[in-house]
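To start, the structure itself, in structure tokens.
Keep in mind it's a predicted model, so treat the numbers as computed, not measured. Numbers restart at 1 for each chain; the letters A, B, ... are given by sequence-line order, proteins then strands.
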Amino acid sequence: MGKDLSVRLCGVKLRNPVIPASGTFGFGLEAADWFDLDLLGGISLKGTTLEARPGNPTPRIAECAGGMLNSVGLQNPGVDALVREKVPALRKRFSGAIVANISGFSEEEYAAACAAADRCADIDLIELNVSCPNVRHGGMAFGTDPKCAAAVTRAVKEATRKPVLVKLSPNVTDIVAIAQACEDAGADGLVLINTLLGMRIDIKTRRPVLANTTGGYSGPGVFPVAVRMVWQVARACRIPVVGCGGVRSAEDVIEMMMAGATAVEVGSENLRDPQACPRIVAQLPEVMDRLGIENLKDIIGIV
Amino acid sequence: MGKDLSVRLCGVKLRNPVIPASGTFGFGLEAADWFDLDLLGGISLKGTTLEARPGNPTPRIAECAGGMLNSVGLQNPGVDALVREKVPALRKRFSGAIVANISGFSEEEYAAACAAADRCADIDLIELNVSCPNVRHGGMAFGTDPKCAAAVTRAVKEATRKPVLVKLSPNVTDIVAIAQACEDAGADGLVLINTLLGMRIDIKTRRPVLANTTGGYSGPGVFPVAVRMVWQVARACRIPVVGCGGVRSAEDVIEMMMAGATAVEVGSENLRDPQACPRIVAQLPEVMDRLGIENLKDIIGIV
Amino acid sequence: MKQGWFTICENARLARDTFRMVLEGDCSAVGGSGQFVQVSVPGLYLRRPFSVSDRDGDRLVLVYKCVGQGTAALVAMQPGEKLDLVTGLGQGFHVSAAGKRSLLVGGSVGTAPLLLLARELQAAGKAFDVALGFGDIGLAFYVNEFKALGAQVKVATQDGSLGREGLVTDAIRALDGTYDYYYCCGSKPMMRAVCAALPFDGECSMEERMGCGTGICYGCSIPTRSGMRRVCADGPVFRKEELLWEKI
Amino acid sequence: MKQGWFTICENARLARDTFRMVLEGDCSAVGGSGQFVQVSVPGLYLRRPFSVSDRDGDRLVLVYKCVGQGTAALVAMQPGEKLDLVTGLGQGFHVSAAGKRSLLVGGSVGTAPLLLLARELQAAGKAFDVALGFGDIGLAFYVNEFKALGAQVKVATQDGSLGREGLVTDAIRALDGTYDYYYCCGSKPMMRAVCAALPFDGECSMEERMGCGTGICYGCSIPTRSGMRRVCADGPVFRKEELLWEKI
Ligand SMILES: Cc1cc2nc3c(=O)[nH]c(=O)nc-3n(C[C@H](O)[C@H](O)[C@H](O)COP(=O)(O)OP(=O)(O)OC[C@H]3O[C@@H](n4cnc5c(N)ncnc54)[C@H](O)[C@@H]3O)c2cc1C
Ligand SMILES: Cc1cc2nc3c(=O)[nH]c(=O)nc-3n(C[C@H](O)[C@H](O)[C@H](O)COP(=O)(O)OP(=O)(O)OC[C@H]3O[C@@H](n4cnc5c(N)ncnc54)[C@H](O)[C@@H]3O)c2cc1C
Ligand SMILES: Cc1cc2nc3c(=O)[nH]c(=O)nc-3n(C[C@H](O)[C@H](O)[C@H](O)COP(=O)(O)O)c2cc1C
Ligand SMILES: Cc1cc2nc3c(=O)[nH]c(=O)nc-3n(C[C@H](O)[C@H](O)[C@H](O)COP(=O)(O)O)c2cc1C
Ligand code: FES
Ligand code: FES
């Protein structure tokens with residue numbers, strides 16, 4: 001009760017470590033209809049690109065044993081609409097940290113979108129989603145190559161003075177190499193993980209379930225991979241790590257923090273349970289008491 | 001009823017496509033106590049190295065939302081015991097395909113172990129587990145680098161005339177590049193996937209659940225990743241692919257085959273359900289009827 | 001929008017592969033016809049969306065067709081068991097848009113939400129008739145329920161085993177009346193055909209595979225005249241003139 | 001080894017955090033004391049191993065301590081609900097190894113399998129006494145059950161709230177008798193201490209986190225004098241001389 005759950009992330013104070021993950025919480029305002037947003041530490045907004053995008057054809061969603069696949073494909077109204085409409089509207093209802101999640105298909109595009117976000121005073125942190133294919137580099141995602149990831153980080157750091165979190169793709173051989181490349185390129189923090197690349201087939205129609213064939217796998221089934229990557233990267237880097245992937249409960253938040261996370265994003269669980277984040281925040285003090293945790297800051301990377 | 005479920009894998013006829021996966025079915029004989037092994041298409045034996053190994057300290061097993069983690073660490077009696085005792089004993093009770101799963105920590109070790117397996121007439125196929133760390137190459141797993149994977153494939157192909165399946169690690173950026181490197185190096189087939197690297201923390205003790213800290217994640221939660229990789233690789237390679245990862249039912253077997261698998265390995269499910277494989281084989285004809293599948297060969301890679 | 005536990009009161013076969021489930025619980029958020037609920041099916045990750053087919057005090061009725069894992073699991077559930085529902089989702093039918101006489105057009109299990117709509121129209125004193133299309137007589141349901149509300153009801157089945165042989169557009173042609181507005185729910189091809197066939201205004205309840213059902217994941221978006229819209233939060237009911245059938 | 005569904009007949013608190021579950025089903029494979037069953041807990045992936053604590057016809061008794069997710073889920077289950085069990089696992093206690101008078105040594109919930117062992121010893125006409133160690137009086141169970149079998153029973157608790165203050169080795173010292181064999185089940189440190197303290201032969205029921213419980217995954221191996229052995233299939237009961245306590 002009345003426990004201090006606050007953490008500091010790249011100089012930004014969060015009243016608690018719980019942040020709905022990008023793409024699983026719209027532009028924040030939707031959920032204001034069903035809970036008080038100020039219960040959240042921060043909000044990561046839906047992935048935004050320089051120009052508006054319609055996203056992929058439907059079906060964009062598939063079920064699987066450990067969670068779900070999505071191929072939403074970055075449907076978004078473009079960074080200008082984000083900065084002019086979405087963020088100011090959210091700020092009226094939310095006093096916590098607003099995280100703009102930025103995507104792109106070239107370094108210049110990332111930089112231009114971040115420059116636009118930089119001009120918006122209500123954005124506290126920028127989160128670079130480097131899982132997008134690099135159109136100029138043969139279509140492999142920026143986040144799968146240390147050099148590409150570093151280059152885009154550097155380009156963005158020049159375009160903004162806001163703290164930049166780089167959100168890494170787990171679909172890589174050596175997550176530590178990529179994390180270190182981003183750190184060296186000036187990233188202020190890292191977010192791990194984005195979705196695993198997966199696929200499901202409808203055995204009745206003999207077609208992929210997703211119109212896009214493959215999609216991003218998220219949910220409880222990715223949790224052990226996320227914990228492992230958070231642990232590996234938090235040990236290898238000095239900048240803070242935000243844990244993400246399969247978190248469903250206060251216990252999961254604590255496990256992520258013990259692995260090395262300074263804050264924790266909750267993704268797919270928001271789809272299953274619209275009250276997921278406030279429920280997790282409410283559970284935290286009790287779970288901390290049970291585990292003898294006085295202050296969340298004490299357990300970051302304790303394992 | 002009386003449906004022909006047979007498939008051909010690298011010239012070896014399997015009476016059905018179901019093969020218990022390496023490490024989840026001991027040396028085959030254990031389960032003879034509880035079902036007729038001849039219900040199986042083949043059996044992949046526990047991972048074997050040139051010399052005997054005691055494996056890792058316990059706990060070696062952890063539970064997670066989508067399945068389990070293991071860090072058994074290749075406990076095995078060495079290839080001589082395999083060839084002299086385990087395989088001949090199994091052959092007395094099993095007439096199907098016997099797959100020797102071989103691991104090593106250098107090319108020479110792989111080759112020597114395969115040469116020993118080559119001299120055993122009862123072994124039908126060799127399965128190279130290239131997920132082991134390459135001690136000479138900085139400890140990265142053989143299977144995470146196309147060149148290392150190709151080199152070990154080539155070395156082994158020179159040591160044996162038996163068909164060689166290379167079993168790939170999913171913990172890579174570009175599974176297709178590795179698969180193609182193995183194909184070019186002479187692999188007769190590919191098995192996808194081995195375990196994803198994961199980790200769990202016991203939040204009470206603040207220690208990793210596994211004595212070895214990280215472990216291999218397997219079970220239903222890896223299925224969408226396995227289907228995706230089987231699909232990617234089967235399209236890109238000409239040699240047959242064996243699907244593995246999270247298979248629990250006849251429907252899963254069919255989904256794997258539609259993704260491109262010629263045969264399917266069942267792993268962790270054997271731990272949960274000792275009758276998993278015979279149950280799946282028994283379900284196959286009925287599920288095929290329901291889906292209008294006459295012959296399993298017709299659906300391989302149909303998606 | 002409200003999350004809560006509902007108790008299954010009835011769960012019985014209504015037609016072939018089609019079941020009617022009566023649930024009791026806090027219905028304060030349930031809303032009007034065309035709105036839907038998201039059902040958490042034990043053992044599955046994502047909730048499954050179902051239209052509210054009828055409502056009476058703190059009871060609501062779902063009519064569902066068994067098409068996959070989730071609906072098969074629902075079939076196996078027994079009265080007395082509980083289900084976790086999110087209620088009060090989506091933008092439903094616009095009763096106020098009805099003119100002199102409306103046409104309710106249902107295809108297969110898409111007929112389900114039209115019953116609650118019919119009750120609402122009746123309560124609002126608006127006249128309506130009903131055209132329904134089913135695969136065959138074994139799949140038909142609710143014909144008598146609509147008749148009991150005093151509506152003219154025409155049915156078409158693909159094999160002619162009930163009503164006319166043909167599609168729901170044939171059932172529409174069999175109706176005797178003049179209509180100025182329509183409400184439609186069914187498969188995409190069926191709704192496309194209805195929108196093409198009927199010259200007057202109307203609205204359709206769209207269906208897409210859903211992630212959240214609450215508007216936060218953008219999994220269910222379709223192209224409309226006013227850009228990409230979420231079926232779950234901006235719909236499922238859309239006015240005819242909004243729908244870009246050529247792109248859906 | 002047999003897989004089957006069992007019905008919960010009783011599931012009641014026996015001591016603090018400790019519960020006794022009576023299950024009815026096909027017990028034909030259940031086997032003797034020291035053998036165990038693998039329980040599939042709804043919602044969890046891996047089965048959980050529990051020793052058979054007692055047995056009567058087609059009923060078997062488990063005594064379990066609530067320590068985590070799986071056992072917490074078991075606590076919440078009600079009589080009438082069903083559980084999927086694999087029975088007849090492992091190598092149990094060797095009743096034939098008992099000499100003139102045996103010592104049964106139980107630590108905490110490790111006391112559970114000793115009750116069935118005691119019944120088997122009695123049926124075989126072998127004499128025995130019992131030494132038990134618990135954290136405190138609230139955790140103690142089965143003391144009267146062993147007494148009812150005519151055995152001398154001594155208890156030690158860490159806080160002295162029941163019997164002697166101390167560890168189970170103190171309870172052993174309090175016994176009045178001469179023993180030539182022992183059977184031990186408890187935590188690793190407790191069994192290590194017992195093996196070190198007792199000069200005569202005996203056997204211990206070992207515990208490791210299990211994958212399969214059937215001997216196919218090699219998840220539970222421990223070093224023994226005859227190499228790595230699987231606790232589930234080669235044990236869980238091992239002869240004292242087999243155990244390499246310095247390496248475990
Ligand atoms: C707003 C809305 C209202 C609906 N109302 C009803 C209703 O009243 N009665 C009814 O029977 N069905 C209704 N549906 C469809 C229903 O949601 C799906 O049939 C159900 O989710 C299938 O679940 P499953 O697990 O059995 O199928 P799955 O195993 O998930 O899939 C089986 C098949 O069902 C289809 N399907 C799965 N999920 C959806 C979905 N969300 N939307 C459309 N198709 C899907 C897939 O194309 C697939 O081929 C509605 C859908 C929406 C979006
Ligand atoms: C052969 C054998 C017989 C057993 N008999 C009994 C018995 O009769 N009564 C009883 O209460 N317990 C018994 N156990 C231990 C019991 O299996 C575990 O307590 C149980 O599996 C914990 O499950 P959980 O999901 O509640 O805990 P988890 O959430 O999985 O873990 C909680 C804690 O329990 C411990 N644990 C988990 N699994 C095991 C395991 N397989 N072996 C040992 N420790 C484990 C872990 O160290 C962890 O700290 C036995 C174990 C074995 C191997
Ligand atoms: C429907 C959906 C849309 C997503 N969109 C984005 C996105 O736009 N940008 C991004 O960085 N991550 C996106 N993600 C990834 C999530 O933010 C998160 O990294 C991932 O889902 C793993 O977390 P989870 O298992 O808690 O869902 C999306 C995930 C889902 C399920
Ligand atoms: C306990 C255990 C031990 C394993 N040992 C091996 C091994 O020795 N060699 C190998 O190639 N794969 C090994 N595997 C990996 C499996 O063969 C399989 O590739 C993996 O578990 C994915 O399949 P599943 O999800 O069906 O379990 C092991 C898996 C488990 C769970
Ligand atoms: S289903 Fe998530 S926005 Fe519609
Ligand atoms: S638990 Fe699998 S071998 Fe013992």
Side-chain angles (χ1 to χ4, degrees), chain A residues 62 64-69 140-141 143-145 169-175 178 196-209 213-215 217 219-232 246 248 251-252 254-259 287 290-293 299 302-303, chain B residues 62 64-69 140-141 143-145 169-175 178 196-208 213-217 219-232 246 248 251-252 254-259 287 290-293 299 302-303:
Chain A
C64 60
M68 57 175 288
L69 306 184
M140 284 290 277
T144 58
D145 177 66
S169 163
N171 304 296
V172 299
T173 308
D174 187 352
I175 191 79
I178 292 166
L196 285 165
L197 193 59
M199 175 173 171
R200 288 301 308 277
I201 295 166
D202 183 333
I203 58 177
K204 283 188 210 156
T205 61
R206 307 178 180 194
R207 299 292 319 142
V209 174
T213 306
T214 62
Y217 170 27
V222 310
F223 185 67
V225 176
V227 170
R228 183 261 296 182
M229 289 190 165
V230 165
W231 177 77
Q232 287 180 314
R248 288 182 293 176
E251 285 87 349
D252 293 345
I254 286 173
E255 189 165 337
M256 277 288 189
M257 295 186 81
M258 288 184 174
V287 176
R290 180 148 46 84
L291 298 170
I293 300 168
I299 60 163
I302 201 173
V303 72
Chain B
C64 60
M68 58 176 286
L69 305 183
M140 284 290 277
T144 58
D145 177 66
S169 162
N171 303 297
V172 298
T173 307
D174 188 353
I175 192 77
I178 292 165
L196 284 165
L197 193 61
M199 176 173 172
R200 288 300 307 276
I201 295 165
D202 183 333
I203 57 175
K204 284 188 209 158
T205 61
R206 307 179 180 194
R207 300 292 316 143
T213 306
T214 61
Y217 169 28
V222 311
F223 185 68
V225 177
V227 170
R228 184 263 294 184
M229 289 190 165
V230 166
W231 177 77
Q232 287 180 313
R248 288 183 292 176
E251 284 88 350
D252 293 345
I254 286 173
E255 189 164 336
M256 276 286 189
M257 295 186 80
M258 287 185 174
V287 175
R290 181 149 45 84
L291 298 170
I293 300 168
I299 60 163
I302 202 172
V303 71

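The contact between T213(B) and chain A is made entirely by side chain atoms (from C-beta outward), counting heavy-atom distances below 4.5 Å. Heavy-atom distances place no part of M256(A) under 4.5 Å from chain B, backbone and side chain included. Neither the backbone nor the side chain of R290(B) has a heavy atom closer than 4.5 Å to any heavy atom of chain A.
Looking at every heavy atom in both residues, G292(B) comes nearest to R206(A) through O-NH2, 3.4 Å.
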Is there a side chain to side chain contact (heavy atoms under 4.5 Å, CB included) between M199(A) and V303(B) once you walk through the steps?
CA-CA 11 Å; M199(A) 175 173 171; V303(B) 71; 4.3 Å; yes
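Between chain A and the residues R200(B), R248(B), Q232(B), E255(B), the most heavy-atom pairs under 4.5 angstrom are made by E255(B). Here I203(A) is the residue among V227(A), I175(A), I203(A), D202(A) with the most heavy-atom pairs under 4.5 Å with chain B. The choice from I254(B), L197(B), L291(B) that makes the most heavy-atom pairs within less than 4.5 Å of chain A is L197(B). Between chain B and the residues I299(A), I293(A), L69(A), D145(A), the largest count of heavy-atom pairs under 4.5 Å involves I293(A). Chosen from A259(B), G66(B), G221(B), A141(B), the residue pairing most often with chain A at heavy-atom distances under 4.5 Å is G221(B). With chain B as the partner, the residue from I302(A), V230(A), I201(A) showing the most heavy-atom pairs under 4.5 Å is I201(A). Interface check for chain B: of the options P224(A), G219(A), P208(A), G215(A), the most heavy-atom pairs under 4.5 Å are formed by P224(A).
Here CZ of R228(B) is found 7.5 Å from OG1 of T214(A). Values are rounded to the nearest 0.5 Å. Note: D174(A) CG to T173(B) OG1 = 8.5 Å, rounded to the nearest 0.5 Å.
Judged as a side-chain contact (heavy atoms from CB on, under 4.5 Å), and not counting sequence neighbours, the contacts of P170(A) are I193(A), N194(A), L196(A), M229(A). Taking T144(B) as the reference, nothing meets the side chain to side chain donor-acceptor pair (under 3.5 Å) condition, with sequence neighbours excluded.
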